[in-house]
A.B. asks: 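Provided herewith is a single structure, encoded as structure tokens, for subsequent inquiry.
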Amino acid sequence: MSDKFDVIVIGAGPGGYVAAIKAAQLGLKTACVESWTGKDGKSQVLGGTCLNVGCIPSKALLEVTHKFEEASHDYESMGILAKGVEIDVAKMMERKEGIVKQLTGGIAGLFKANGVTPIHGHGKLLAGRKVEVTDKDGNTKTYEADNVILATGSKPIEIPPAPFDGEYIVDSEGALEFSEVPKRLGIIGAGVIGLELGSVWARLGAEVTVIEAQDTFLPVVDQQVAKDALKQFKKQGLNIITGARMTGAEVKRKLVYVNYEDSKGKQEAKFDKLIVAVGRRPYTDGALAEDSGVTMDERGFIFVDDNCKTEAPGVWAVGDIVRGPMLAHKASEEGVMVAERIAGHKPQVNYDCIPNVIYTAPEVAWVGKTEEQLKAEGEEYNVGTFPFAANGRAMAANATGGMVKIIADAKTDRILGFHVVGPQASEIVAQGVIAMEFGSSAEDLALTCFAHPTLSESVHEAALAVAGGAIHVANRRKKK
């Protein structure tokens, strides 16, 4: 195997493997370095956190537990009698592992089909676009490239009051490996990961308490939507405590004792398991030599320009190690952009049109700006909302909680924000992404014909409501 490539990608997560495939498709001789090792301790595993211990396995568990929840509590009201429904946790985990194996194996097949050379080991960028790879036995080999793409991803943040022990106090990865349902589950952090994992185990019978330091629930989400979601989560049994700062955690007699402070003073709670989900940090440990020419900030994020180019010539960085949201699809889009730029094209990523999703039930999804952001910026805007409670398809599906909310510029009517809480929000938000990508107005959506009966009709009605013209719900009176 030649030691010289047109492109070497370090990291085979959603940013890295996509960049490698795209580069190869564009005729560039490409290699992808990945250190992740399978449970056998030998084989290389592709897909990064997302496919192995993140997006995919968590969604597999969310889907199973959502169906279990419906069968246990909702089917009877629909005329389906399913008594004595039980969950086989071991079988559920086996299915999750099967999905992960199928998808990671699929990437290996795509590498082969597109001519990407996989290199197993820990990649380190040296000066002059050289990449040193250390294998599992400690042997090193150096490769050269005209361009290097850094895509090393992120890892869970560990906090001093609650260090991980892998059994009682775990991170998001450990929370996907429980062999049985904990009776009492504590979660530190009411963000995307905390809410999704809390939902999984609450549906299976765990008493879930989520402790969040911030006073505002989901502060990055439009607050009308966030409050609606919070109401539904609490109705499902999630005990969400905001404005609570954790001060310590100790394992005693197979229980985790957690101390925290809230508006009422010092508090203590005890759990069978504690998940710490306070966010993730860039994983750049040992990835850069001091003379690589790449610079980072104090939090470990690599400095890049709008096109993901670092300060070192021919070196790029994408995904969780650069500015912007830590989202798999954002990393993939950056990977494609960089590969195309290396090949001489001039694409860009529209960072204003990147969707965000929380895969709870109801799902929460959004793209663009919130009302709070627009108020802070002094922008004039109009709002249209439509509840799923007035949507025939939602009624038929027994999923009437939530709404669609569209925010449009008061002067131009251009859509500035698109927010959904409710059934299939992760799919519905794509309509907002497409509309905003094409610079659509709310009127454009209002003039579009939507199939009946569908959940997407709520998008149509919300767009109509922006101008006070919703058909299937009473419109707010305009101020005279």
Side-chain angles (χ1 to χ4, degrees), residues 1-36 44-48 50-51 103-121 123-126 128-131 133 141-153 287 292-294 302 304-324 327-351 353-354 433-434 437:
M1 180 177 67
S2 172
D3 297 342
K4 180 72 166 62
F5 293 88
D6 296 323
V7 178
I8 294 180
V9 183
I10 302 178
Y17 85 75
V18 168
I21 290 172
K22 190 63 180 179
Q25 288 175 345
L26 292 167
L28 300 167
K29 184 181 178 183
T30 306
C32 187
V33 181
E34 175 56 61
S35 62
W36 204 305
Q44 183 185 41
V45 176
L46 305 173
C50 176
L51 265 66
L103 287 173
T104 54
I107 297 174
L110 289 170
F111 273 12
K112 185 176 181 179
N114 287 282
V116 176
T117 300
I119 301 175
H120 194 187
K124 181 177 184 178
L125 177 66
L126 309 178
R129 296 185 301 280
K130 289 183 173 63
V131 175
V133 178
K141 185 173 182 178
T142 302
Y143 301 86
E144 293 182 58
D146 294 327
N147 288 272
V148 176
I149 304 174
L150 301 169
T152 51
S292 66
V294 175
I302 292 174
V304 292
D305 64 12
D306 292 342
N307 299 316
C308 293
K309 185 180 289 185
T310 73
E311 296 173 343
V315 180
W316 314 71
V318 302
D320 291 2
I321 56 174
V322 302
R323 75 288 177 272
L327 299 169
H329 46 280
K330 175 255 196 185
S332 294
E333 288 301 308
E334 288 176 334
V336 169
M337 174 185 69
V338 167
E340 291 188 341
R341 283 191 165 267
I342 290 171
H345 306 301
K346 302 294 181 184
Q348 289 183 313
V349 172
N350 184 354
Y351 288 98
C353 290
I354 296 176
V433 175
I434 294 169
E437 187 65 47

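Side chains are part of it too, since the values below use all heavy atoms of this structure and drop only hydrogens, waters and symmetry mates. Source: prediction; values computed, not measured.
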A.B. asks: What's the separation between atom CG in Leu150 and atom CD1 in Ile302, rounded to the nearest 0.5 Å?
C.D. replies: 5.0 Å
A.B. asks: In terms of heavy-atom contacts, does CG of Asp306 have more than 12 from other residues, nucleotides or ligands at under 6.0 Å?
C.D. replies: no
A.B. asks: I need the Lys4 NZ to Lys130 NZ distance, nearest 0.5 Å.
C.D. replies: 9.5 Å
A.B. asks: Measure the CG-CD1 distance between Leu51 and Ile107 for me, rounded to the nearest 0.5 Å.
C.D. replies: 4.5 Å
A.B. asks: If you measure from OG1 on Thr104 to CD on Gln44, what distance do you get to the nearest 0.5 Å?
C.D. replies: 11.0 Å
A.B. asks: For a side-chain contact (heavy atoms from CB on, under 4.5 Å) check, start with the C-alpha distance between Leu26 and His345, then their side-chain angles and the critical distance, and finish with the verdict.
C.D. replies: CA-CA 10 Å; Leu26 292 167; His345 306 301; 4.1 Å; yes
A.B. asks: Considering all heavy atoms of both residues, which atom of Gly48 and which atom of Trp36 are nearest to each other, and what is their separation?
C.D. replies: C-CZ3, 3.5 Å
A.B. asks: For Ser292 and Ala312, which heavy atoms make the closest approach, and how far apart are they?
C.D. replies: O-CB, 3.6 Å
A.B. asks: Looking at Glu34 and Ala12, would you say the former's side chain and the latter's main chain have a donor-acceptor pair under 3.5 Å?
C.D. replies: yes
A.B. asks: Would you call Val336 and Val18 a side-chain contact if the rule is heavy atoms closer than 4.5 Å?
C.D. replies: yes
A.B. asks: Do the side chain of Ser332 and the main chain of Pro14 share a donor and acceptor less than 3.5 angstrom apart?
C.D. replies: yes
A.B. asks: What are the two closest heavy atoms between Ile8 and Glu144, and how far apart are they?
C.D. replies: CD1-O, 3.8 Å
A.B. asks: Hey, could you give me the OH/CD1 distance between Tyr143 and Ile119, rounded to the nearest 0.5 Å?
C.D. replies: 4.0 Å
A.B. asks: Distance check, rounded to the nearest 0.5 Å: Glu340 atom CD versus Gln348 atom CD?
C.D. replies: 12.0 Å
A.B. asks: Please check this pair: side chain of Thr310 against backbone of Val315, looking for a donor-acceptor N/O pair closer than 3.5 Å.
C.D. replies: yes
A.B. asks: With sequence neighbours excluded, give me every side chain to side chain donor-acceptor pair (under 3.5 Å) pair touching residues 13-28.
C.D. replies: Gln25-Asn114
A.B. asks: Only counting residues at least two apart or in another chain, list the ones meeting side-chain hydrogen bond (donor to acceptor under 3.5 Å, both in side chains) with Asp6.
C.D. replies: none
A.B. asks: Of the non-hydrogen atoms in Ala339 and Leu28, which two are nearest, and what is the gap between them?
C.D. replies: O-CD1, 4.3 Å
A.B. asks: Do you know which two heavy atoms are closest between Ala24 and Val116, and how far apart they sit?
C.D. replies: CB-CG2, 3.7 Å
A.B. asks: Looking at side-chain heavy atoms only, is the closest gap between Phe5 and Val131 below 4.5 Å?
C.D. replies: no
A.B. asks: Counting C-beta onward and ignoring hydrogens, is there a side-chain heavy-atom pair between Lys141 and Asp3 closer than 4.5 Å?
C.D. replies: yes
A.B. asks: Which heavy atom of Gly15 sits nearest a heavy atom of Ala151, and at what distance?
C.D. replies: C-CB, 4.2 Å
A.B. asks: List the residues meeting side-chain hydrogen bond (donor to acceptor under 3.5 Å, both in side chains) with Glu334, not counting sequence neighbours, and say none if there are none.
C.D. replies: Arg323, Lys330, Tyr351
